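This report refers to the structure that appears directly beneath it.
Note that the coordinates shown come from a computational prediction; the quantities given were computed from them, not determined experimentally.
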Amino acid sequence: MIKKIAFIALLIITTSGFSQHHLTYDWEKKPKLHKLTDSEEQESSIALLKKVILEFDSEEDSTEPKLYETKHTIIRVNDDKGIAQHNTVYIPMYDVKRLIDVKARTISPTGKVVLLNKDNIKDVSNVEEYGDFKIFAIEGAESNSEIEVLYTVEREFDIYGSETIQADYKIKEAQFLFITGKLQSNVKAYRTLETFEAVKIDGTKGQVLTIKDIPAMVDEEYATPKANNIAVVYQCFPKGENITQNMFWRNVSNNIGRQFFPETVVSQAKDDANTIVEGKTDLTTFKKAALVDIFIKSNYTIVKNNNQDLSDLNYILTNRSSSDYGILKVYAQYLTALEVEFEIVITSNRFLNKFDPEFFVPGMLRDFLIYIPSERKYIAPDRFEGRIGEAPFNILGNYGLFISSDFEHYFSKIIQEDPDYSRIRRDMNISFVNDFESVTIDQDQDYFGHWAETSKAVVSLSTDQGLIEYKDYLTGSGIEDKEILSYETFNTDMNQLEYNVPFKVKTTISSEVLLEDVGGSYIFQIGLVIGTQSELYQETERINPIEMIYPNRYNYEIIVNIPEGYSVEGLESLIIDKRYVASNGKETAKFESNYKLEDNKIIITIEEFYKTHEFDLNKYEEFREVINAASDFNKAAILFKAAE
């Protein structure tokens, strides 16, 4: 809904150039199978051609340009998996005026050609909420055959647009042809070194981008694959129009500013604001903002539908029900009433889009935050479980458009002000019962930042089954036979007036599986006490840049009490030191574990941290070693041996 409103606020309708390339563009009359390399034949499928043609047709008597979109693909399918992925074709009909032409064919390994029977094209409504589609099944597909599809649609004219080029299969050649004639236009490619070249198509000016040998996008750990796809964004203006990027952004700032920075506070909002701070004195700006956030998330319901009343301020204040867009008006009223200076931030989920301040596309305007500049903290109105603090992890690291009360704007990367915001402190005291019959672990833990936010939300909102699973996590995941002797949580309320109040948990568990009797000596699987750890192993070449969910830190102290009459061997397995040093020479990630013997105790310390969420792809091996170090410690074991 936010995207739609931002788009409507900025839509400009005027006149537009001329091109009719789609009328003459065609596939080869006599198709032949393409020759593949040995490695390409091992792929389940590979695109031999993926071509997109956008042409804007401006006629003298037209009030707006016509927009034609042609898509042409040739896919080799080498096995049943490839066939299953490509044997149904979906043509999106959202914002499509008409389907001009569609054809498809299959070329078998023997050269037999099977053409599409257009009578088999079906209309399907609202497929998984993506809108209407034309769909048809590919006939005659078999292993080592090629599927070729070519269609053209006339779309509703739109100044802006985007196209994802990369896919989850390899592409030998991709081409994006942008035909605008005499119209003013802009086009930009992301995440490729190739650039657009000027061309003339039947005498009409255009630009073409050609990319060869595009690897398949894969869903790798510590990555944002959807946002990392090679993609193109474009703008094409009606005849006589040439709008700068700054004009677009200023238009957004003015429209948003007028809605969210009220000249006056309505009476109902004043009354609510008085209620919010009633009986409270010496309130800081942070506490005022926190009280507003708590009040709204405790008293208002966000409704996901198109009821226009849900964006009307008076209706919202009266009924305590709002859209995710309308609730911003309530925040603005309350914060203004309490004299809290704020800014509106428009940005994107970094797992879906990378926000580009240099090129305006409405699709980036998807998420709203409220920024309190004096505190350098954010409110996320649409995150019920979140409270004022650092930016949400799905926004962190993206750029945003910051709009102030005078409707001026600036761009800034959304950063985490406190580098140690998310961290876990864990202290353990381990003892052995009845001459190694079992092990008892007393554990005291503090969870800060996003860890605390998640924990408080689970404890406050989860189902009974969810609570059982989270209790298992907090008491030592991966210890199969553990018995929970005690379990107590503290600071579980999501509503806190102080910054970064930790979620606390104290537990005692007992386990026998951690011990193994080996003829009077005992192996203690000490590494398992830190819980299940991530492992980062990858046989294929890494595709995506490295992005963690958020920066975090772990500090553990594990005290192991040595029973009288026993010595300990294998302590060297507890010493691990892996570090990641950034290109600027700074140490930004580390796993270090060590120990010391003190009286009858083994005191183990673990420090693991990731000071940023972004790491250099070229230093992937270093990053992987740090991540895997925790998993290596998880496998550590020591031997208790009876003194002779």
Side-chain angles (χ1 to χ4, degrees), residues 1-10 129 252-278 288-349 362 365-372 377-389 391-392 394-395 400-403 405 407 453 456-457 460-461 494-496:
M1 177 175 288
I2 292 175
K3 173 185 173 184
K4 181 178 179 182
I5 292 173
F7 169 75
I8 292 173
L10 293 160
E129 299 185 357
V252 175
S253 300
N254 287 333
N255 280 290
I256 296 300
R258 282 195 294 269
Q259 295 184 62
F260 296 127
F261 293 101
E263 294 182 1
T264 59
V265 178
V266 299
S267 59
Q268 178 64 58
K270 289 179 181 178
D271 292 341
D272 287 344
N274 289 332
T275 300
I276 289 170
V277 298
E278 185 176 5
K288 288 180 183 178
L291 286 166
V292 167
D293 199 22
I294 291 168
F295 182 85
I296 291 176
K297 288 172 178 172
S298 300
N299 292 280
Y300 285 81
T301 301
I302 303 297
V303 180
K304 304 283 187 180
N305 66 37
N306 294 323
N307 183 352
Q308 293 185 353
D309 288 339
L310 295 171
S311 294
D312 178 76
L313 178 62
N314 291 324
Y315 177 90
I316 297 169
L317 291 171
T318 300
N319 295 278
R320 303 302 202 214
S321 183
S322 172
S323 65
D324 52 5
Y325 188 77
I327 202 67
L328 289 160
K329 298 179 181 180
V330 180
Y331 275 95
Q333 287 279 319
Y334 291 167
L335 292 172
T336 301
L338 295 176
E339 299 181 338
V340 175
E341 181 184 350
F342 65 95
E343 295 173 353
I344 298 292
V345 185
I346 316 178
T347 184
S348 299
N349 183 333
L365 308 179
R366 294 177 179 269
D367 291 88
F368 279 71
L369 300 174
I370 295 171
Y371 180 58
I372 312 298
K377 297 296 179 285
Y378 294 88
I379 295 172
D382 63 342
R383 291 176 65 91
F384 176 75
E385 75 283 5
R387 298 296 183 268
I388 181 173
N394 63 318
I395 303 296
L401 174 71
F402 289 68
I403 304 170
S405 58
F407 306 169
E453 184 179 280
K456 293 171 185 177
S460 301
L461 306 173
M494 294 189 296
N495 298 326
Q496 302 284 348

| note | For Arg383 and Asn394 the tightest heavy-atom approach is NH1-OD1, 3.6 Å
| query | Out of Leu365, Ile344, Leu401, which one pairs with Ile256 under the side chain to side chain contact (heavy atoms under 4.5 Å, CB included) rule? | reply | Ile344
| note | For Pro381 and Leu328, the nearest pair of non-hydrogen atoms, with its separation, is CG-CD2, 3.6 Å
| note | Taken in chain and number order and not counting sequence neighbours, the residues that satisfy side-chain hydrogen bond (donor to acceptor under 3.5 Å, both in side chains) with Lys297 are Asp293
| task | Would you check if the distance from the ring center of Tyr325 to the ring center of Phe260 is below 6.0 Å? | result | yes
| said: If I compare all heavy atoms of Ile388 with all of Ala289, which pair ends up nearest, and what's the gap? | reply: CD1-CB, 3.6 Å
| task | Please indicate whether Glu341 has more than 12 foreign heavy atoms, meaning atoms of other residues, nucleotides or ligands, lying under 6.0 Å from its CD. | result | no
| remark: Applying side-chain hydrogen bond (donor to acceptor under 3.5 Å, both in side chains) to Tyr378 and not counting sequence neighbours gives none
| field | Beyond-backbone contact of Arg387 with Met494, side-chain heavy atoms, under 4.5 angstrom | value | yes
| message | If I compare all heavy atoms of Asn495 with all of Ser298, which pair ends up nearest, and what's the gap? | response | ND2-OG, 3.8 Å
| task | Check whether any side-chain heavy atom of Leu313 sits under 4.5 Å from a side-chain heavy atom of Val266, and report yes or no. | result | yes
| said: So which atom in Asp324 and which in Ile327 form the shortest heavy-atom distance, rounded to 0.1 Å? | reply: O-CG2, 3.4 Å
| note | Separation between OH (Tyr315) and OG (Ser321), nearest 0.5 Å, reads 5.5 Å
| Validation row: Asp382, Ile302 side chains within 4.5 angstrom (heavy atoms) | no
| message | Nearest 0.5 Å, please: how far is CG in Asp312 from NZ in Lys329? | response | 7.0 Å
| request: Examine the side chains of Gln268 and Asp272 and answer whether a donor and an acceptor come within less than 3.5 Å of each other. | output: yes
| field | Lys456 side, atom NZ; Leu461 side, atom CG - distance, nearest 0.5 Å | value | 13.0 Å
| request: Verify side-chain contact (heavy atoms from CB on, under 4.5 Å) between Tyr300 and Ile316, making sure each step is shown before the conclusion. | output: CA-CA 8 Å; Tyr300 285 81; Ile316 297 169; 3.7 Å; yes
| What is the ring orientation for Phe261 with Phe407, classed by angle as parallel under 30°, tilted 30 to 60°, or perpendicular over 60°? | tilted
| said: Would you compute the distance between atom CG of Asn307 and atom OG of Ser323 and round it to the nearest 0.5 angstrom? | reply: 9.0 Å
| Heavy-atom side-chain contact between Thr336 and Phe342 under 4.5 Å | yes
| Could you give the distance from CG (Leu317) to CG (Asn299), rounded to the nearest 0.5 Å? | 11.5 Å
| query | If you take all heavy atoms of Asp367 and Asn349, which pair is closest and at what distance? | reply | OD1-N, 3.2 Å
| request: Enter the distance from Leu310:CG to Thr301:OG1 here, rounded to the nearest 0.5 Å. | output: 10.5 Å
